[in-house]
Colleague: 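Mind having a look at this structure? Questions to follow.
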Amino acid sequence: MKLTFCGAARQVTGSSFLFETGTTRFLVDCGLFQGSRTTRAQNYAAFSFDPRRLDFVILTHAHLDHSGLLPRLCASGFSGAIYTTPATRDLLGVLLPDSAYLQQVEAERAARHGRDFTAVYSLDDVRAALKLVRPVPYDVPFEPAPRMRVQLRDAGHILGSAIAEISIQEAHRTRRIVVSGDLGQPGRPILRDPTPVTEADVLLLESTYGNRDHKPLDRTLDELVAALKRALETRRGVVLVPAFAVGRTQEFLYYLNQLTRAGRLGDLNVFLDSPMATEVMRITARHFELFDEEARHLARQHARERSAVRLSFTESVRESMALNRLQSGAIIVAGSGMCDGGRIRHHLKHHLPNPHTTVIIIGYQAAGTLGRRLVDRATTVRIMGEDVPVRAEIVTLGGFSAHADQSALVSWARNFSRPPANVYLVHGEPESAEALGERLAKDLGWRTHVPAHGERVEI
Ligand SMILES: [Zn+2]
């Protein structure tokens, strides 16, 4: 059997792994490349295989760096099934059309300024891709091809996220392949912890935070309280929070509720300026069955009591623009998470030059994104063709990640009853993947490999 690393090899985006047995060809994930211009250029490159000859796709979760090239795959002739969880299907229905829409807007803007930009796919391609989605609940085995059995396990990363366990019956043995997808940090609110897996011959393990541990959550919450007090009481400006529509936004609001309830923060005025995040909140509420105990409890409590967090949803662009008039006392949560698109760019352009403003960064910022430049303390940034001075305070809170940190990855790996024969560390920048490899060797005696982009191996 052959395995090709078509993306997320020595980088965190573009997840896509091609498996070829004698009779079947399938992909796990088909993600968008995000970040620098060179990275994004890979979205236009020809697939290294013929999409028409691909039998099916297994999708671990809805984040665009795992799902965002599916429409292009379909536009290139793929017509098989896309297997994923029901919650992921619901999220795709929001995320993929939004991705196509943002590209269309970008293309129109580029045309006006005489720049060159072609959308990777259209809304029609998205509709075609969504028609191919076949939802399969967690833990229910299915057979996408003869002699092949797949089970999706809760990965605890975002709503609907899955670890793929694949068994393939060969002539005289069964091969077990496990693709971790993105794993969540255990003990986080709303979602359950990643499911332990005990058997694999071949393991593809994510390594986003393979070289470090998150700060303890308590300390991060202390920092959040301090940052919000400084921002709202001392600096008396506006607080901007670039947020990923899926997962992080809900988690952030959850903490604000918890902190006000505990009396650690006074009443808060929060504007959720992201129609997509609003829609995702509706989807999340519909999937109550996936919540952990604590979240169920909080949701019930929430239904009974008045909340000190006044949450307003802005839908139209006009309402979003009106937020520019706010000078103080407001927390504006808007996408995109890495500031490379979406409404947050307008808010940043407007508020970054103001020394009263605070920007709170709560998620991973890939190399080459505007968010990363802010984290790296750039004094000027370029937004929509303009140089904008950065006078705002930038606060980076590292503890909110939706990804397992090094220790959590190692403890998840500890569940395997024996070391998998082949372990590939993917979805991490080289230093993260390599550091995780060293830790797994030291603690568990595992031999691991960090594949290169496009590498093809026999498994
Ligand atoms: Zn993810």
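The chain is numbered in sequence order, starting from 1. Counting starts at 1 for both ligands and their atoms, in listed order.
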Colleague: With no hydrogens and no angle check, is any side-chain donor or acceptor of His157 less than 3.5 Å from a backbone partner on Ala402?
Modeller: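 Pair found, side chain donor or acceptor close to backbone of Ala402.
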Colleague: Can Glu165 and Arg149 be said to form a salt bridge (Lys or Arg N to Asp or Glu O under 4.0 Å), step by step?
Modeller: CA-CA 8 Å; Glu165 276 196 276; Arg149 218 172 108 103; over 6 Å; no
Colleague: Excluding sequence neighbours, so at least two apart, what forms side chain to side chain contact (heavy atoms under 4.5 Å, CB included) with Glu431?
Modeller: Asn211, Glu429
Colleague: If the threshold is 4.0 Å, N to carboxylate O, is there a salt bridge linking Arg127 and Asp124?
Modeller: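 Looking at Arg127 and Asp124, the cut-off is met.
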Colleague: Could Arg248 and Tyr364 be counted as a cation-pi pair, given that NZ or CZ must be under 6.0 Å from the ring centre and within 45° of the axis?
Modeller: no
Colleague: Take the Zn ion (ligand 1) and tell me which protein N, O or S atoms are nearer than 2.8 Å.
Modeller: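 N, O, S partners closer than 2.8 Å: His61 NE2, His63 ND1, His157 NE2, Asp182 OD2.
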Colleague: Any salt bridge linking Arg10 with Glu455? Criterion: basic side-chain nitrogen under 4.0 Å from a carboxylate oxygen.
Modeller: no
